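Notes to accompany the following structure.
Source: prediction; values computed, not measured. Hydrogens, waters and symmetry mates play no part in the numbers below; they use all other heavy atoms, side chains included.
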Number of protein chains: 2
Amino acid sequence: MYTVKEVAALLDMTNHTVRYYTDQGLVPNLRRDDHNNRLFDEATVKWLLCVKHLRHCGMPIDDIKTYISLCQEGDSTVKERYEIMRRQQAVALTQLEEAKQRIAYIDEKVGNYFDILNGATDDKDYDKSTY
Amino acid sequence: MYTVKEVAALLDMTNHTVRYYTDQGLVPNLRRDDHNNRLFDEATVKWLLCVKHLRHCGMPIDDIKTYISLCQEGDSTVKERYEIMRRQQAVALTQLEEAKQRIAYIDEKVGNYFDILNGATDDKDYDKSTY
DNA sequence: TATTGACTTCGGGTTACTCGAAGGTGATAT
DNA sequence: ATATCACCTTCGAGTAACCCGAAGTCAATA
């Protein structure tokens, strides 16, 4: 059983965000202790992780809510859930490519700056417009 | 020379976002034609690309503005810019790892759903809590 | 006993878009 | 000639997803 703080640390989000997601009804069957404090068991942590991943795909809260509801409805919704996840799979792959491009871009910048700081001479042809 | 729409398509952002960034002063030396329409040359497209990458690292608009200003100030700010980019490099690497984890998570979901849809029997031991 | 610290709810604030209205321009179609 | 596009512009309001802090509760520790 985890508290808000613990689960936030575990999944690398803020306490505020954890509470926000639970308040939005994105975490089914969330328990409370006798002082009304949120208590996360293994299952609720998994839901929260699912929410986190979908959210990081750019899926809006309301759409995540829909997906979670479908999950609760049983096997009849498997096809629909499959299609949702397939779409997020495509999104996630695009994100990966973008992340790589971003890294390539930044690596080049860092390299350029590094060379300048270390007094590289003009044996490299810098594009002045990039700094 | 590109119009808003063209540069938006080129860099894969919305027209609105392109205008928003320029209005925020994130694109130095942006030209206008005689009808006040924004005109992007190679240099301004590069600035916009830089803004896009930094923004996707999660850098706030105001911080990007600061970075752009430093760029305009000449070589005296190279060290500071280097340090900024080093930090974003770390962020970008973290994002890459997260993207990979996200993909692994979603791939597993998709695989599970696929197996169910294709009438897989119980030779695989599904964790029921994940659907 | 008093302080510490983590929890709660609630409501306002912030960021970065996002949208649409209202209007201008220039090219093409009737 | 004029209408209809398809762009562009500014501006201001709306939205999503946090983000923060106040005010209060409770348990454990100094």
Side-chain angles (χ1 to χ4, degrees), chain A residues 1-27 29-41 44-45 47-69 88 91 94-95 98 102, chain B residues 1-27 30-41 44-45 47-68 88 91 94-95 98 102:
Chain A
M1 289 295 198
Y2 306 90
T3 65
V4 166
K5 195 188 188 185
E6 286 164 353
V7 82
L10 190 64
L11 301 186
D12 192 32
M13 34 180 116
T14 70
N15 303 3
H16 277 294
T17 301
V18 171
R19 275 198 291 271
Y20 177 68
Y21 287 170
T22 62
D23 289 351
Q24 296 299 312
L26 299 180
V27 182
N29 307 319
L30 180 66
R31 308 271 291 281
R32 301 276 187 154
D33 70 6
D34 51 354
H35 293 298
N36 204 31
N37 296 337
R38 293 167 184 80
L39 271 188
F40 297 81
D41 56 16
T44 39
V45 171
W47 283 118
L48 203 48
L49 179 64
C50 178
V51 171
K52 180 193 167 186
H53 282 310
L54 291 179
R55 190 65 203 87
H56 280 39
C57 283
M59 192 185 278
I61 299 281
D62 278 0
D63 292 3
I64 298 175
K65 206 176 297 184
T66 301
Y67 173 79
I68 301 282
S69 298
Q88 298 318 304
V91 171
T94 302
Q95 287 177 330
E98 287 173 350
R102 194 152 54 241
Chain B
M1 291 293 199
Y2 304 91
T3 65
V4 166
K5 195 187 188 188
E6 286 164 353
V7 82
L10 190 65
L11 301 185
D12 192 33
M13 33 180 118
T14 70
N15 303 2
H16 277 294
T17 302
V18 170
R19 277 198 291 269
Y20 178 69
Y21 287 169
T22 62
D23 289 352
Q24 295 300 312
L26 298 180
V27 183
L30 181 66
R31 307 270 292 279
R32 300 275 186 153
D33 70 7
D34 51 356
H35 292 298
N36 205 31
N37 295 338
R38 293 168 184 80
L39 271 188
F40 297 82
D41 57 16
T44 39
V45 171
W47 283 120
L48 203 48
L49 178 64
C50 179
V51 170
K52 180 193 167 184
H53 282 310
L54 291 179
R55 190 66 203 87
H56 280 37
C57 281
M59 191 185 278
I61 299 280
D62 278 1
D63 291 3
I64 297 175
K65 206 176 297 184
T66 302
Y67 173 78
I68 301 282
Q88 297 318 304
V91 171
T94 302
Q95 286 177 331
E98 285 173 349
R102 194 153 50 241

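Rounded to whole Å, atom P of C:dC10 lies 15 Å from atom NE2 of A:His16. Rounded to an integer number of Å, the gap from NZ of B:Lys5 to C1' of D:dC7 is 7 Å. When the P atom of C:dG5 is taken as reference, atom CD of A:Glu6 falls 16 Å away, rounded to whole Å. With rounding to whole Å, B:Arg31 atom CZ is found 18 Å from D:dC8 atom C1'. Regarding B:Arg32, its CZ atom lies at a distance of 6 Å from the P atom of D:dT9, rounded to whole Å. Distance, A:Asp62 CG to D:dA17 P: 7 Å, rounded to whole Å. In this structure, OH of B:Tyr20 is placed 11 Å from C1' of C:dT14, rounded to the nearest angstrom. D:dT10 atom P lies 9 Å from atom CG of B:Asn37, rounded to whole Å.
B:Thr66 and B:Asp63 share no donor-acceptor pair across their side chains, judged by distance under 3.5 Å alone.
Within the 4.0 angstrom heavy-atom criterion, base atoms lie near B:Arg19. Counting non-hydrogen atoms under 4.0 angstrom, A:Thr3 reaches the backbone sugars and phosphates but no base. Residue-level contact check: A:Asp23 touches neither bases nor backbone, having no heavy atom under 4.0 Å from any strand.
Of the residues near DNA chain C, B:Thr14 and A:Asn36, the one whose nearest nucleotide (by heavy atom distance) lies more toward the 5' end is A:Asn36. Each of A:His35 and A:Tyr21 was assigned the nucleotide of DNA chain D with the nearest heavy atom; the assignment lying further toward the 5' end belongs to A:Tyr21.
Not one side-chain nitrogen or oxygen of A:Arg38 sits closer than 4.0 Å to the OP1 or OP2 atom of C:dC7. In this model, the phosphate group of C:dC17 is approached by a side-chain N or O of B:Arg55 to a distance below 4.0 Å at OP1 or OP2. The phosphate of D:dC8 (OP1 or OP2) has a side-chain N or O of B:Asn15 nearer than 4.0 angstrom.
Of the possible polar contacts, none joining the B:Gln88 side chain to the B:Met59 backbone as a donor-acceptor pair under 3.5 Å is found.
At least one side-chain heavy atom of B:Phe40 sits under 4.5 Å from a side-chain heavy atom of B:Val18.
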Trace of the side-chain contact (heavy atoms from CB on, under 4.5 Å) decision for B:Asn37 with B:Thr3
CA-CA 8 Å; B:Asn37 295 338; B:Thr3 65; over 6 Å; no

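In the displayed structure, B:Tyr2 atom OH is contacted under 6.0 Å by at most 12 heavy atoms of other residues, nucleotides or ligands.
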